[in-house]
Amino acid sequence: MEIAEGGLKRYFDLIIIKTIILTMLSSLIMAMILFNLHINIQEKTLQTEMDNRSRAVGISIISVFELGLKLGIPFGGMVRVPEFLNTNMKNANELGYIAITDANGELLYHTDNFKNSIRGSFKRFSLSVSNDDDVLPYYAISNFHNLPIRIKNNNETFGYLHLGVSQTVTTAHINDVYYDIMTILFVSMIVGFEFLIFFFRNSVTLPISNLTTLMKRVTNFNYTTTALSKTRDEIGKLIKSLNEFIEYFTTHAKHLRNESKTLDKYYTDKDRLLMINETIHDIKEKYTFPKNMPIREPVRPVTENLRLPAFLIMLAETVLVTILPTYAAQFYDASFIISKPLLSSTPIIVFMIFAGISIPFATFVSYRIGFQKTFVLGTAISILGYLTNFWMEDLSGLLTGRAISAFGYGISYICCQNYISAYSSEEKRIQTYAIFATALAASYICGAPIGGILVDNIGYRYTFCLASLISMIALIMGYLYIFDFEGHTLFKKRETRKTLLSLFKLKPLAFAVIASGFPARLIFTSLLRFIYPLYLTTYLGNTQSNTGRIIMVFGIMSFVIAPLVVRFVEKIPNPRVLLIASSFIIAAAIILDTVMRNTQGAIIGLAIYAIGSVVHTLAMMATLEYVAHKEFANYSKSSILGFYFIFERIGMALGPACTGILLTFFSFQETLSKLAYFVIFTNSIYLFYTFYESMMESKTTQKDAT
Amino acid sequence: MERQKIKATYVFRFCEQNKKKCHGFVNEIKEAKPDLIFTWGTSACEAIAGTIDAPNKQEYIWDIPIISLIVTDPIKSKVIFDLKKTGRNVTGVNHVAPVTSHIEAMKSYLKDLKKVAALYNPTETNSKIMIEELKSIGPEYGLEITDHPIPLNDKHAPMSEKIAEEIDKIAEENSQFIYLPADTFLLTNIGTVMDAANKHKLLTMGTTELAFVSDNRPLMGFLSHYYDVGLFGGFKAEQILIYGKNPNEIPYEKLKNFSLILSPEVFRKIKIHPPLSILKYSEILPELDSNVKKDADNGNR
């Protein structure tokens, strides 16, 4: 798109930015109105719900008292009552205190945290109720709702049980709801923007861009082409009209040129002849005409079209990222041979293995049937996998569903990567991979928190159902907007095992992939798909919703950092420096988690990890090109990428497996330490190799110079 | 057996606490050649099956499957070689909860429990085994276990008239609980035991259901119901009679479900009431009669 000059202000003149701002404002206003309505209802419903729960606890306590009374134990002589009340309170988070009075309101028993200042209210209460009252009124004391329940035996009231239902718990619940709503709103906005940007781009900005290019040509007297238009809206009609104009003009001008030959014959007036000749000369010299009719603008590959379908398939997967370890852990029992942490990692391991298996299949199928159909096929298979998980609620169902969806996801994912490699120019390849990286980041922003909220509210089954729905939309988007073009160079050379094995001899490539790429991917799945979801819920006690929101930090940081990193990576002469630095950043992030053993530390660690991960991903792509640029003649781009993807997949599959085994024997902190040491160790090897290779290169260069 | 529709003819013989009389049934059994023998109690099992080190094995039953019920410790009683593979024609069901569970039950009733008196008939193997175990484990729980065997007469038989005296001694030494093992003599004289214990407001812990069938029953018990023991024994009988298994292949097992039971009239009498937490999950035995029920109502005030 052509952008007018004028610094940052130029961005605000863009139609898309104006549309986004308008949409955001209107969404926010709507959300605030809806939120306030919702909160009012929630407060009343929540309070009633909590009162009912507390009442159930109270009835359970009273039943024991009434049994004691029935057995002849004096009401004032019950044994170890505070201990009993304290135990009951542990199971009811919303209770602030439990107290028991006699019929006159004299305090007999209470829990440890009971404040004496409120005992006076019990006496007043006892005086205000009679034996005939079936329903006892609850009232506010300090920060509590006091729920009284009568204790009786043979219709005689012996005393009252008072339950203090904490109001701060209600507030905390409402805050939780508030955060959930804001998260959903935020995620909806991002998803909405993705669609908005996508459709806007296709319908408005790209056609306008084509039109602008055409008009520039026309301005330079070039009438050889017309503009491409696939839409039938106003802009499409404009382009069509302009095309007709050019075609008409071409026909007319050709006719004029032919006629000028006749003019030369019949007019003898020198000046008029000269003028006409000058006009004709202009037409001949300045205007460029095609031999026959103008050529239709050929359809150019549009890699940006990949963004929305890629975002959607990744979103479907990231919805499940935070919930899978805890879902798998539910199936554990003592009869299993493997430990509970290892069992928790099995859906991730299965996913990575089958996604890895899909790589050669994806490449083969893309070669046979094209990218569009491959993407659709892959997405259809992953939908089947999600529906399997929806249908089968046991461990075998979980693993079967994951295997199927992994295979499909892998096909779609690799198809997208190959699409970028095939159709992006060398100069813009990093930028185009950044589309992919930001789509992944955006999916983490949206998917991770939504998954947690959904599981807390509708359960695992329907969360899988939602993932299949998102994939269906991805399938439709892929079918409509991913196109195959003739003449791409990706699959000119068929992959052979011999080719891939020979790539091991390319030491700079092999070292980059094995010593840097493989560990980074191992850490990626270990941390994001396994350790963080388990660590945040099991160890730090966060809910699924909260865990999802925390993992969102990874997405947000990646989303913000990626465009900045792209520019940096393109400019840096040796991307291996970035690769090494980013690995150390990743290690530092993991070490921070072992030092700060709380949720805040996890958030900071995740943010730092996101920076390291994004830099590493983009630097890896640049490094692959950098180290292999000499060998592109001998190996196709797909071979070199395929070599990396294989180790990427192996790393991603091994990550959860290794972490699961480590967690069986070590604590979370010890496991994280070991992962950090692994990264430092492998990265150090790569650092030394790079240094050694640079030294050898400079020696060779010096030798050549002398 | 009836539930599984296994048709059988049952022949009952009662030993009446006489081991010699019990042993006398061996010849009758050898002649009758039943498919299966059930014994109830350690003495009956020893009398019919004999111990593994008995010199005269021919005087006992070694060739007919025997299911022995309520033998406290078949290994220490030497009726079998091993619990998993018994090594002979005997298998069975052990009904007594682990002694550690008894200690925990007593401590749950009385938080500051420090001293437990073990009252038992020193001539009964079952009792000696349980008391030995109690004495060895008790200190780990911070308990002092005092030994109170019932004195024996010249004929080496326990004297029931000495029970109350022994309990007086228990009260003098300030023991808080009296532990009653699976002791047939004590269970036969449970009325005397309980009268003396209740007089001194001593808490009593029973370990078998037999102690709770009389009107004068201990305060609490942690045990398996005999009905469940019989059920499990029936299951083992099915294994032998229908599936043709050798008793040697069927492990001698303990029941895994135990009940904590409380006698309400006892805690009302001694006025040491159970804590609410125990009341919540224990099995309260039915009241004995309406007079006792009146006590319950009066006790509330």
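Naming convention: chains lettered A, B, ... in sequence-line order (proteins, then strands); numbering from 1 in each chain. The analysis underlying the following values was restricted to heavy atoms, covering all of them including side chains, and did not include hydrogens, waters or symmetry mates.
A:I73 is not listed as a side-chain neighbour of B:R268, based on a closest heavy-atom distance of 4.5 Å or more.
Heavy-atom distances place the side chain of B:I284, and not its backbone, under 4.5 Å from chain A.
Contacts of residues 272-283 of chain B with chain A at a heavy-atom distance below 4.5 Å involve B:H273, B:P274, B:P275, B:L276, B:S277, B:L279, B:K280, listed in sequence order. Contacts between residues 104-114 of chain B and chain A, counted as heavy-atom pairs separated by less than 4.5 Å, involve B:K107, B:S108, B:Y109, B:L110, B:K111.
Annotation: side chain to side chain donor-acceptor pair (under 3.5 Å) contacts of B:H95 (sequence neighbours excluded): none. A:T87 is linked by a side chain to side chain donor-acceptor pair (under 3.5 Å) to nothing, counting only residues two or more places apart in sequence or in another chain.
Residue with the most contacts toward chain B among A:N88, A:L85, A:V64: A:V64 (heavy-atom pairs, distance under 4.5 Å).
Other residues, nucleotides and ligands contribute at most 12 non-hydrogen atoms within 6.0 Å of the CG atom of B:N257. At most 12 heavy atoms of other shown residues, nucleotides or ligands fall within 6.0 angstrom of atom NZ in A:K340. Heavy atoms of other residues, nucleotides or ligands lying less than 6.0 angstrom from NZ of B:K245 number 12 at most.
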